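Structure record follows, encoded as structure tokens.
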Amino acid sequence: MSVTTNTDFEERIRAMEAAWLSPSAARSYPAKRDVPEPDSPLRTPFQRDRDRIVHSKAFRRLKHKTQVFISPEGDHYRTRLTHTLEATGIARTVARALSLNEDLTEAIALGHDLGHTPFGHLGEQALSPFLGRPFKHNEQSLRIVDHLENDGEGLNLCWEVRDGIVNHTWSMPPPSTLEAQIVRFADRIAYVNHDVDDAIRAGILDPGELPREAVGTLGSEHRDRVNTLVTDLVETSEGAAEVRLSDPVFRALDLMRDFMFESVYLRAEAHAEQDKAIALVRALFSHYLDHPDEVPAEYHRAPGDTPTRIADYIAGMTDRFALRTYEEIFLPQGWLG
């Protein structure tokens with residue numbers, strides 16, 4: 001039985017990429033890691049990064065982290081994990097259509113939300129005052145793969161994957177590869193549309209309330225809107241120097257996003273539950289400031305001061321673990337029985 005050597009596999013991948021990928025696509029070799037390591041005889045460097053992310057603890061915890069709705073009733077609402085999978089599917093579709101590197105695109109998409117806190121963006125809002133700076137989930141995602149995973153050694157991901165993870169948000173500079181630019185759009189396409197779907201399911205929105213101009217451009221059904229956006233992204237980006245939507249479609253997406261902020265994300269009816277989530281996270285932070293020895297040892301191995309390490313611990317919690325921890329610390333034990 002013959003064994004494929006690293007060199008044989010690398011040569012085959014290089015030849016395939018030369019034949020099939022766009023000249024603008026990122027190449028899988030050579031791997032650009034902070035700590036050099038031997039390449040795999042069966043997986044490209046970006047495939048290895050994908051697998052390291054999928055096998056990480058932070059990735060598994062996404063299944064119990066809020067996307068939009070806190071502790072929703074029902075099994076069909078999105079979580080951070082299902083959002084990640086939907087965004088990854090969109091991103092891979094676009095990468096393949098544009099002859100870009102699917103493995104890199106997939107690795108970035110799977111890792112882009114690892115740093116999200118419990119209770120969605122409310123957790124970020126709760127942590128920021130303790131840090132003297134805004135807590136940003138994209139920066140936390142990079143911190144996880146660089147310092148917190150693998151017992152504090154990090155995952156040693158390729159530079160292109162790390163760049164795509166930290167720069168996937170629109171508040172950051174454009175990422176360096178077209179593959180990462182795809183993920184930036186795929187993330188927004190996914191969350192705006194599946195949040196509309198979840199809000200309708202929850203009875204918060206009626207389909208007739210959606211902005212008429214956006215619906216006229218994108219479509220009246222969830223699948224139609226996603227298909228319009230993905231198709232336009234491919235057609236507009238084909239042969240271009242950057243990944244982008246056409247102006248009318250981008251404007252329609254922004255209209256839908258603005259509508260969601262006004263009608264769903266920041267709706268007055270949700271303030272009471274949102275305030276409870278923020279208060280819970282801040283109570284936990286205050287407790288750990290007084291009892292830093294209760295933060296698990298693995299978080300003390302990461303660089304940074306005590307507030308940063310406490311933020312690492314709380315940000316990594318799932319919604320239900322944060323609730324259970326709060327109950328154990330602040331509620332009399334007899335109440336829990």
Side-chain angles (χ1 to χ4, degrees), residues 57-58 61-62 64-71 79-80 83 111-149 152 165-173 187 191 195 257-258 260-262 264-331:
K57 291 185 291 185
R61 288 195 296 261
L62 294 177
H64 292 303
K65 290 196 175 190
T66 289
Q67 174 64 26
V68 171
F69 298 103
I70 301 172
S71 300
T79 65
R80 283 290 165 197
H83 160 72
H112 81 280
D113 264 1
L114 294 178
H116 261 295
T117 61
F119 312 118
H121 288 283
L122 299 173
E124 297 184 45
Q125 183 179 338
L127 292 174
S128 293
F130 295 97
L131 300 173
R133 57 176 171 81
F135 180 97
K136 297 181 178 180
H137 76 272
N138 57 309
E139 294 176 351
Q140 188 68 15
S141 297
L142 184 64
R143 182 169 168 82
I144 286 170
V145 300
D146 281 355
H147 300 296
L148 299 179
E149 280 291 337
I165 287 174
V166 76
N167 290 315
H168 81 271
T169 62
W170 291 79
S171 61
M172 298 293 287
D187 177 38
Y191 81 71
D195 290 353
R257 181 175 178 270
D258 291 345
M260 289 298 292
F261 268 93
E262 179 181 344
V264 178
Y265 305 145
L266 303 178
R267 70 190 189 282
E269 297 84 353
H271 286 177
E273 289 301 301
Q274 292 170 350
D275 289 346
K276 290 177 186 178
I278 292 171
L280 183 151
V281 171
R282 289 180 175 169
L284 288 177
F285 204 110
S286 295
H287 173 81
Y288 289 120
L289 278 176
D290 293 334
H291 305 87
D293 54 303
E294 295 182 16
V295 175
E298 62 187 282
Y299 294 94
H300 291 285
R301 291 193 285 269
D305 56 15
T306 295
T308 297
R309 291 167 180 159
I310 294 172
D312 288 338
Y313 181 43
I314 295 177
M317 293 179 177
T318 62
D319 295 22
R320 62 185 187 180
F321 183 81
L323 285 165
R324 186 166 67 246
T325 302
Y326 179 89
E327 290 173 348
E328 290 173 352
I329 292 172
F330 296 107
L331 297 185

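Heavy atoms only: backbone and side chains are in, while hydrogens, waters and symmetry mates are out. Worth saying up front: this structure is predicted, and the values here are computed from it rather than measured.
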Exercise. Could you check Asp305 against Thr308 for side-chain hydrogen bond (donor to acceptor under 3.5 Å, both in side chains), going step by step and ending with a plain yes or no?
Key: CA-CA 5 Å; Asp305 56 15; Thr308 297; 2.7 Å; yes
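- The shortest side-chain heavy-atom distance between Lys136 and Thr169 does not fall under the 4.5 Å cut-off.
- Contact check for Tyr299 versus Ile314: no side-chain heavy atoms found under the 4.5 Å cut-off.
- A distance of 10.5 Å separates CG of Asp293 from OH of Tyr288, quoted to the nearest 0.5 Å.
- Under the 30°/60° scheme for interplanar angles, the aromatic rings of His121 and His137 are found to stand perpendicular.
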Practice problem: List the steps and the verdict of side-chain contact (heavy atoms from CB on, under 4.5 Å) for His83 and His112. | Solution: CA-CA 11 Å; His83 160 72; His112 81 280; 3.3 Å; yes
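- With hydrogens and angles ignored, the 3.5 Å screen pairs a side-chain donor or acceptor of Ser141 with a backbone N or O of Gly115.
- Rounding to the nearest 0.5 Å places CD of Glu327 at 9.0 Å from OG1 of Thr325.
- A 4.5 Å side-chain heavy-atom check between His64 and Asp319 finds every atom pair outside the cut-off.
- Between Tyr265 and Phe261, the ring planes lie perpendicular to each other; the angle is over 60°, past the 30° to 60° tilted range.
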Practice problem: Start with the C-alpha distance between Val281 and Phe119, add both sets of side-chain angles, then the distance that settles side-chain contact (heavy atoms from CB on, under 4.5 Å), and finish with yes or no. | Solution: CA-CA 9 Å; Val281 171; Phe119 312 118; 3.9 Å; yes
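- The shortest side-chain heavy-atom distance between Asp312 and Gln140 falls under the 4.5 Å cut-off.
- Closest non-hydrogen pair, Glu139 versus Val166, comes out as CA-CG2, 4.2 Å.
- Nearest heavy atoms, Glu124 versus Phe135: OE1-O, 3.1 Å.
- Nearest heavy atom pair, residue Ala283 against residue Phe330, reads O-CZ, 3.5 Å.
- Enclosure of atom CZ in Arg320 is not indicated, since only 12 or fewer non-hydrogen atoms of other residues, nucleotides or ligands lie within 6.0 angstrom.
- Look at Lys276 and Glu273 and you find a salt bridge, because one of the NZ, NE, NH1 or NH2 atoms lies within 4.0 Å of a carboxylate O, short of that distance.
- Closest non-hydrogen pair, Asn167 versus Pro173, comes out as CB-O, 3.7 Å.
- Here Leu148 contributes atom CG and Arg309 contributes atom CZ; the two are 10.5 Å apart, rounded to the nearest 0.5 Å.
- Put simply, the side chain of Met317 does not reach to within 4.5 Å of the side chain of Arg324, judged on heavy atoms.
- Looking at Gln274 and Gln125, their side chains never come closer than 4.5 Å, going by heavy atoms from C-beta outward.
- Thr79 has its side chain out of reach of Leu62: every pair of non-hydrogen atoms, C-beta onward, lies at least 4.5 Å apart.
- For the atom pair CG of Leu127 and CD1 of Ile278, the computed distance is 10.5 Å after rounding to the nearest 0.5 Å.
- Distance CZ/Phe130 to CG/Leu289: 6.5 Å, rounded to 0.5 Å.
- Across Arg282 and Pro129, no two heavy atoms sit closer than the pair NH2-CG, 3.5 Å.
- Counting heavy atoms from C-beta on, the side chains of Leu284 and Leu280 come closer than 4.5 Å.
- Atoms CZ and CG, on Arg80 and Asp113 in that order, are 5.0 Å from each other to the nearest 0.5 Å.
- Here the shortest heavy-atom pairing between Gly111 and Ile165 reads O-CG2, 3.8 Å.
- Side-chain atoms of His291 come within 3.5 Å of backbone N or O of His287 as a donor-acceptor pair.
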